[in-house]
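I have placed the structure first, in the form of structure tokens, so that the comments after it can refer back to it.
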Protein chains: 2
Amino acid sequence: MSRLHVLYRVHGTSVDDGHALATRIALEQSTETPPNAVLDRFVAEQVVGRVEDVQPRDDGSIDVRVGLAAITTGGDVAQTLNMLFGNTSLLPQVELVDVEFPETWLSGFTGPHFGVEGIREALGMDERRALTCAVIKPQGLSADRLGALCHTLACAGIDVIKDDHGLADQSYAPFAARVAACQRAVERARMETGHRAAYAPNLIGSPQTLVEHAAIARDAGAAMVLIAPAVVGMPSFAELVDEHLDVPVLAHPAYAGAVRAAPPFLLGKFFRLLGADAIIFPTSLGRFGWSAQTCAGVAVNAAAPWAHIKPALPAPGGGLSVENAQAMVEFYGSDVMPLIGGSILADPALAFERAQAMVQAVRAARPAPVAPAVV
Amino acid sequence: MSRLHVLYRVHGTSVDDGHALATRIALEQSTETPPNAVLDRFVAEQVVGRVEDVQPRDDGSIDVRVGLAAITTGGDVAQTLNMLFGNTSLLPQVELVDVEFPETWLSGFTGPHFGVEGIREALGMDERRALTCAVIKPQGLSADRLGALCHTLACAGIDVIKDDHGLADQSYAPFAARVAACQRAVERARMETGHRAAYAPNLIGSPQTLVEHAAIARDAGAAMVLIAPAVVGMPSFAELVDEHLDVPVLAHPAYAGAVRAAPPFLLGKFFRLLGADAIIFPTSLGRFGWSAQTCAGVAVNAAAPWAHIKPALPAPGGGLSVENAQAMVEFYGSDVMPLIGGSILADPALAFERAQAMVQAVRAARPAPVAPAVV
């Protein structure tokens, strides 16, 4: 019977304790019983988790690989999270590092509905070049002022203009009014300049709110949407993508840093599996201090060939400066969408010039011939 | 304008860096811009976060208190998570420790619909004594065999019999069949013994699945339900409680250990705010190694007087033994529901005797006169 192969990293224990903990995790993440409580042969053979490997690492941590029966997930996103890290998340010394999903199990998931090529098509881009992404903020501005900023960025040639992920449905810029103003702004910019920018409103809220806001965005004609899967809940995210959206989805990492799961897995692989077409992550050149290796890991997992699952577009951001935008293309290749917020908006009077400088830098960059590999 | 007062703990930095990081967090969790990018007076005065306090602690960590404008949450659960810890979760050195919510903001939340007293009423208990909770597992057993176990535990006098949180909608015990078998089991036990046990099925899945399964549980007559808010997603949990459930809700901590938020806040206060009537957490006497102080913190926050929000029932579990059940009542008082899984089921042939021993131990215990205080 097919199994999910789950890699956990255990910190601060001896190798002996690592072996004991591996057995513990295999039980904790399957039957959650003492081993002698399982009398049923089917359960013992087909349901109980199996320790597949225990490997001490040079830094003193221990890698534990456990095989979890695919049947225990019921093919459901919430139950998959539960089986991967439900109770074991309560052990502070254990990190979820990676999962290999069996192909039979993967067949239940669509992954990105658009992917890298679909995003280019949806945006009407006929050349294979790096994209650019900028942000409208700060929250607190009115819908009209956010719309004006959206127009400025679109006129400067930015490809995707996303809401700040802090823009929700607040009184100062209600969702429907904001979407209308910003969508009008990109349409007006297109008439004026010929450049086709996509506006991506932020969908955030309870499941019902998400469905209602998705309908508002669709009716307004928004060409993309932004969603933070860890904030709205990954099961809710996956259902929304599968049943209520027909435009490319840009995933935001808010709250995802808190879940003690390695970013290359969570952002690069799992968000992609759940349907993210583009994936925002904090670049090593930004303000969150993630290593270049972690960032490359996210990008590699977002784009690597993977069964029938389309590649997703890496969107490095999180404090990226206009001056560093070019380096992103030189590092990640053409299939990338650098995301710049504050560095364009630091002086709002210069937003147009800064956005234009970003667009020019990205277009002028010599893309890396292939996406980076994780060392 | 009212503010949420958010306490973050910063690890591994100097006091000077702590001050700098405090300013950073205040911006990161509000406008997410450089300070000079905010030209608008309303935004600068009413929306930008404010550092309220920076306090070095004896262990070298630094407590940072930030005031976030209530208006930025839009009164929405997902957006509240986003404002509390969205981007800052991406900084591995920062932990979310506690939040004081202003009363005006709290008025938008119901909290537990039943609470401690409501659970007793729903279960038809007329005495104020500690409750008992046991578990049916392991997953892999058929619905009928889980039903038989449910019957055994009900006959032994257990008050609340919950699904193992690993029971979802798997092929070997589909949700509808399991709920029917287990609900019949507790009803049969009541006819045979007079003891009224509540069966709490595990609701897990996407938002639509949750609504469908809530209806199945209601139609079958289940007197409680189990939900892991961090697994299904907290916004989805809150909406389900408010709009689709009419029985007490038992919250499970699965996946909640991963979110780098202090358990007294996340489990005791926030799950309660979102509507958990009873809250499961790993006791210090169990297998997860949480400190007695952390556990007491969860229990205190679950039960403390708090505006119009009803108290929730603490359910210490996570490896609690039958032998230690009594100590739970002596520590937490009468308003507690010790939860025992493996220690009852270690030898399935003795499940009845072990469950009965738990019931007797809890009834014989001398409750602490008041709930514990956090030192």
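So you know, we letter chains A, B, ... as the sequences are listed, proteins then strands, and number each from 1.
- Looking at A:Leu141, the atoms closer than 4.5 Å to chain B (heavy atoms on both sides) sit in the backbone and in the side chain alike.
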Practice item. Check the pair A:Gln29, A:Thr88 against side chain to side chain donor-acceptor pair (under 3.5 Å), reporting the backbone distance first and the verdict last. Key: CA-CA 7 Å; A:Gln29 294 310 119; A:Thr88 297; 2.7 Å; yes

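- For a residue to count as touching a neighbouring chain, one of its non-hydrogen atoms must lie under 4.5 Å from one of that chain's; by this rule B:Glu239 touches chain A with the side chain only.
- Heavy atoms closer than 4.5 Å to chain A are found in the side chain of B:Pro282, but not in its backbone.
- Using a distance-only test at 3.5 Å, with no hydrogens or angles considered, no donor-acceptor pair links the side chain of A:Arg9 to the main chain of A:Glu95.
- Contact annotation for B:His165: both backbone and side-chain heavy atoms come within less than 4.5 Å of a heavy atom of chain A.
- Not counting sequence neighbours, the partners of A:Ser291 by the side chain to side chain contact (heavy atoms under 4.5 Å, CB included) test are A:Gln293, A:Thr294.
- In terms of heavy atoms, B:Ile344 sits closest to B:Ala134 at CD1-CB, 3.9 Å.
- Residue contact with chain A, scored on non-hydrogen atoms closer than 4.5 Å, is absent for B:Phe237.
- When the candidates A:Pro138, A:Ser343, A:Ala168, A:Ala44 are compared by the number of heavy-atom contacts under 4.5 Å with chain B, A:Pro138 comes out ahead.
- Among all heavy-atom pairs drawn from A:Cys295 and A:Ser284, the shortest one is SG-N, 3.3 Å.
- At a 4.5 Å heavy-atom cutoff, the contact between B:Ser30 and chain A is made by backbone atoms alone.
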Review point. Going through the checks in order, is the salt bridge (Lys or Arg N to Asp or Glu O under 4.0 Å) test met by A:Arg145 and B:Asp40?
Key: CA-CA 11 Å; A:Arg145 288 184 59 190; B:Asp40 185 276; 2.4 Å; yes

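- The candidate from A:Val231, A:Val47, A:Asn87, A:Leu84 with the greatest count of non-hydrogen atom pairs under 4.5 Å with chain B is A:Asn87.
- Residue with the most contacts toward chain B among A:Asp347, A:Leu345, A:Ile204: A:Ile204 (heavy-atom pairs, distance under 4.5 Å).
- Scanning both residues, A:Val211 and A:Leu240, for their nearest heavy atoms gives N-CD1, 4.0 Å.
- Heavy-atom minimum distance, A:Asp163 versus A:Pro201: OD2-CA, 3.3 Å.
- In terms of heavy-atom proximity, B:Leu90 sits nearest to A:Trp290 at O-NE1, 3.3 Å.
- Qualifying side chain to side chain contact (heavy atoms under 4.5 Å, CB included) partners for B:Asp164, counting only residues two or more places apart in sequence or in other chains: A:Glu32, B:Val135, B:Lys137, B:Leu167.
- Options A:Thr72, A:Thr209, A:Val48, A:Val38 differ in how many heavy-atom pairs under 4.5 Å they form with chain B, and the most are formed by A:Thr72.
- B:Ser171 touches chain A through its side chain: at least one heavy atom from C-beta onward sits under 4.5 Å away, while N, CA, C and O do not.
- Between chain B and the residues A:Gly140, A:Pro235, A:Gly75, the largest count of heavy-atom pairs under 4.5 Å involves A:Pro235.
- Top candidate by heavy-atom pairs under 4.5 Å with chain A, chosen from B:Val77, B:Val232, B:Asp169, is B:Val232.
- Counting heavy-atom pairs under 4.5 Å between each of A:Ser206, A:Gly233, A:Gly342 and chain B puts A:Ser206 at the top.
- Within the 4.5 angstrom heavy-atom criterion, only side-chain atoms of B:Glu243, from C-beta onward, approach chain A.
- Contacts of A:Ala346 with chain B are made by both backbone and side-chain atoms, with heavy-atom separations under 4.5 Å.
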